[in-house]
Amino acid sequence: MSYSTGYGDPELGGPATAWRDGWPVYDRSGTVCVIGAGPSGLTAMKNLKEHGFGVDCYERETSVGGAWNWRHNRSPVYASTHLISSKPFTQFPDFPMPDSWPDYPKHTQVLEYLEHYADHFDLKKSIWFGTEVVKVEPAEGDRWDVTTRSTGGFGGERIHRYAAVVIANGHNWSPKRPAYEGLDDTKIEVIHSAQYKDAAQLRGRKVLVVGAGNTGCDIAVEAAQQASRCWHSSRRGYWYTPKFTLGRPTDQVNDLMLWLRLPLKARQFIAHRTLKSTVGDLTRFGLPKPDHKIYETHTIVNSQLIYHLGHGTITPVPDIARFHRSDVELKGGELIEPDLVVLATGYETKFDFLDPALLGIDATGRPKLALHAFPRRQPTLAVAGLLQPDSGLLPLVHWQMVLFARMLRLREASPAKAVAVQRKLEAGLEQRWTSAKVKDSTRHWFEISHTTYLKAVQRLLDEVGLEGAAR
Amino acid sequence: MKVIRTREWAFPVPPARRELRRATPEVDEGKPPLLFVPGFGHGAWVFAEHWLEHTADRGFPAYAVSLRGHGESAKVRKADLRAYAHDVAQAAAGLPRRAVIVGHGAGALVTAHALARYPARAAVLLSPVFGGLGTALRNPMVSLPAAFGGGLRLPAGQLFSRELPASAGRAYAARLGRATSRAQWQLLAGRKPERPVGDPPVLVVGSPDDRIVSDSALRRVARHYGGAPLLFPGMGHDLMLDTRWREPIDAILDWLEKSN
Ligand SMILES: Cc1cc2nc3c(=O)[nH]c(=O)nc-3n(C[C@H](O)[C@H](O)[C@H](O)COP(=O)(O)OP(=O)(O)OC[C@H]3O[C@@H](n4cnc5c(N)ncnc54)[C@H](O)[C@@H]3O)c2cc1C
Ligand SMILES: NC(=O)c1ccc[n+]([C@@H]2O[C@H](COP(=O)([O-])OP(=O)(O)OC[C@H]3O[C@@H](n4cnc5c(N)ncnc54)[C@H](OP(=O)(O)O)[C@@H]3O)[C@@H](O)[C@H]2O)c1
C-alpha cells in the first residue's frame, strides 16, 4: 500500500475536517496510529485489532521486521546474528516459533517469523510502507495529529488525527559514536557496528573491535576467525555467559531457579559458581574483573569469546585513549596498529518527531515513562519495546500492548476507573523493574528483569479487568 | 490471564514431529482455515475420512493434526496435556492465516487449553470430554482402567450410533490408539483450562445420545462459554465418522459463515 490518491483520499481520511497551521487534518476517529512495523509495532497492531481498534501503521522502510530486516540500511543485524534469548523467551506468548527451529534461531528465521505473524493476523493491509512519521502533536480531547511523508522527503506531508498513538520506532538504529581525540585525522578506517554486515569485511585485516556488548563480542569472535589480527577493547569487566549451561539454554536455567523461587542472592551465588567452574576466572586472559554482580545488568551471552581468548586469537585490550594518524593509543600508553576499527558502542534512543517534554525526556535523552512505556498525563500515548530485558523482548512488548489496549478500552467502559489506573501508573514513574542494582550508564537505565516487570504488568491487567474485552 | 509462565519458560515442551493432514480448496476465497483436533486414541485420519474434503469443498482450507503419540505423529513415551496443547498451538500458528480450531472428545479439552496459548479466530468443541469425576462415573468401564494406568477402553458401541454398520464401526475402533497415562490421569483430574486469549466465539456441538458425554455435561461446557450446544440427536460420540457425518460439519461451517 502507498499513497496513490491525492488529498481527500477516501480510504484514509476522507475530506479534511480540521486545520492545523493552515494544513488540512484528516480525522481517523477512533483509529490508533502505530509508528514502526518492527516486532513492537506488529504486536501493537495485532493486540489493538484484537481489542476492536482500527489501526494505521506507518513504516519508513518497505517491509516489516524492523531491526531483523537485514535488507534495510538501518538494520543493526549482521549475517551471523543468532538470537541470545532462547525460543520460549523470544516468541510472542500466543504465537509459538516452529518446533523444528533450534533453541537460538538465526536472524533470518526471526524475520520469517515476523513476516508470518503479520500475514497470519492480516496486519499488512493496515501498514503504510515507505512512509515516515515526522511529527506527532497533541490535539484536543487527548487525541493526536500525526504528520507523515514518504521516506526520504519526496512529496507533500499530510496530517491525520488519531485517538491514540503507539511509538514503536525501536532503539537499535541510531549509532552511538564516541568522540575520540584524533579521530578526524586518522587514516585508519573506522566504522560503527551498524555498518558491519558480513565477515568478508574483516578478512585478512587487522581489526580492533571496541565495546563488549553482545554486538562487540559477536564481531570479535568473527574477527578471530577471519581477520589476521583481532584486538578487543572493553572499558569494564563483564559477565560472559555461555549459551548453554547444565545441558540447557542458559536463560532457561535462570528461570528454572526462579521457578524454584530462589531469591536473587541465591541465584547470583549459583550462577557465580557455575560460571567459575565452566568459564573460570577471566582476569587470567587479561580481561578486567566484573565491577558488578551477575544479573545486575543484562549479561553478554557468548560461548565463543572465551574460547578464542584461550586460543590467543583475540587479544583483550583496555579503552582507547586517542587516535593517531596510523595507530591507536590505548589507555596505559600501548600503541597498536589496526587497519580497521569497528565501534560496537551501541545505539541511542531517538524520538525526533515529538516534543521531548511529552515523554519527560531529560537532558541526557532519557524519557521518564511508567513501566518504561506510559508517559505522564498522556493516557492515549505509549512507547512500545523500550526495554533492555534479561530475556527476550517480544513477550514483554506483547503484554505492554495488551495492557495499553485494555486501558484504552477502560476509558470508554469506566472513565473513573481509567483515571484511577492512570494515577496508579504515574505513582510508579520512578520505579525500576529489576531487583538487581542496575549500573547507571547510558545504556542500562531501561534494563529490567522480565519477572519483576511482568508481575507489575499482571497486577495492572488484573486491576483493569475487562476479561472478554477483546473483539 | 496468566502473564508469568516461569514453568513453561524453564521447561519448554520438547519438540515432536507431527502429522498434519490437509485438504485445501481449489481457489482461495480468503476463508479462514480450520484445524481439526482429534480426541484421545484418535488420529488425524478420523477427520480425513469425510470432513477434510467436505470442508475444502465448501471453500475452507482444512487441516487435521495428530497429537504426539497418535496417528502418524512421533511415538512418545511421555506426554501431558500441556504437550498436547502445545502440538495444537504449533499446528495452528503454522497455518497461513488465523485459524478456527475444532476439537473433538478429549481433544476439545486439549483445544480449550490451546486457546489460552493461541488467539484462535473461533473454536468448536465437538462432543467435548472435559473430564473430572462426572466423566469417570458415567463411563466406569471406560475410565476405570485409565485411572490405573491402562488405556481408555473405547468399544465401537460407545462411539457410533446404530446406523453405522457394525463392521465399519469395528474397523474404526480397531484403528484407535491411546493417550499417555499421564494425560488420561490429568483428564480425570479435570483441571480447568485458562481463559481463551483473544476471546474467540466458541460453539459446542454434540449429540444427546452420545454414550460418553452426557447431555448435562454438554450443556455445562456450552454454558461455560456462554451459549447452548448445537445438538444432533441419534448420533454417536464420533460425529465425524458416523453415518450422518455431513450434518454437523455443515452446521459448523454455516455458523462460521454467519459469524463472520
Ligand atoms: C544484533 C542484535 C541482536 C539482537 N538479539 C536479540 C535477541 O536475541 N532477543 C531479543 O529479544 N532481542 C534482540 N535484539 C533486540 C531487538 O532490537 C529487538 O528484538 C526488536 O527488534 C525490537 O523491536 P522494535 O519493533 O521495538 O524496534 P525495531 O525492530 O528497531 O523496529 C522499529 C521500526 O520502526 C521504524 N521506524 C522508526 N522510526 C520511524 C518513523 N519516524 N516513521 C516510520 N517508521 C519508523 C523502523 O524503520 C523499524 O522498522 C537484538 C538487537 C540487535 C541489534
Ligand atoms: N546475538 C544477539 O542476539 C545480539 C547481538 C548483538 C546485540 N544484541 C542486542 O542488541 C542491543 C545492542 O547491543 P550492542 O552490543 O550493539 O550495544 P550495547 O549493549 O549498548 O553495548 C555497547 C558496548 O560499547 C561500550 N561503549 C559504549 N560507549 C563507549 C565509549 N564511549 N567508549 C568505549 N566503550 C563504549 C559499552 O560499555 P559500557 O558497558 O561501559 O556502557 C558496551 O560494552 C542489546 O540489546 C543487545 O543485547 C543481541
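Here is how names work: the chains are called A, B, and so on, in the same order as the sequence lines, proteins then strands, and each is numbered from 1.
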I need the contact set between residues 87-100 of chain A and chain B: heavy-atom distance under 4.5 Å, sorted by residue number.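 Only A/P88, A/F89, A/P93, A/D94, A/F95, A/P96, A/M97, A/P98, A/D99 of residues 87-100 of chain A have a heavy atom under 4.5 Å from chain B.
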Compare all side-chain heavy atoms of B/R97 with those of A/D119 and state whether any distance is below 4.5 angstrom.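 Side chain of B/R97 against side chain of A/D119, heavy atoms only: no contact under 4.5 Å found.
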Under 4.5 Å from a heavy atom of chain B, the part of A/L454 involved: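 Contact with chain B is through both the backbone and side chain of A/L454.
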For [X], is it the side chain, the backbone, both or neither that has a heavy atom under 4.5 Å from a heavy atom of chain A?
X: B/A92; result: backbone
X: B/P119; result: both
X: B/R18; result: side chain

Nearest atoms (heavy-atom pairs only) where [X] meets [Y]:
X: B/G198; Y: A/E50; answer: CA-OE2, 3.2 Å
X: A/D255; Y: B/T6; answer: O-CG2, 3.2 Å
X: A/V402; Y: B/M1; answer: CG1-SD, 4.2 Å
X: A/H116; Y: B/A93; answer: NE2-O, 2.6 Å
X: B/I4; Y: A/T451; answer: CD1-O, 3.7 Å

Any chance you could measure B/W9, atom CH2, to A/S86, atom OG, to the nearest 0.5 Å?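 The OG atom of A/S86 is 11.5 Å from CH2 of B/W9, to the nearest 0.5 Å.
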With a 3.5 Å distance limit and no angle check, can you tell me whether B/R98 reaches the backbone of A/D122 through a side-chain donor-acceptor pair?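 Not confirmed, B/R98 side chain does not pair with A/D122 backbone.
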Donor-acceptor pair, side chain of A/H120 and main chain of B/L95, under 3.5 angstrom: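 Yes, because the side chain of A/H120 sits within donor-acceptor range (under 3.5 Å) of the backbone of B/L95.
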Ring pair (Phe, Tyr, Trp, His ring centres under 6.0 Å) with [X]: which residues, sequence neighbours excluded?
X: A/F269; answer: none
X: A/W259; answer: B/F11
X: B/H104; answer: B/H42, B/H237

Above 12 or not: heavy atoms from other molecules or residues under 6.0 Å from CD of B/E26?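 Not buried by this count: 12 neighbours or fewer within 6.0 Å.
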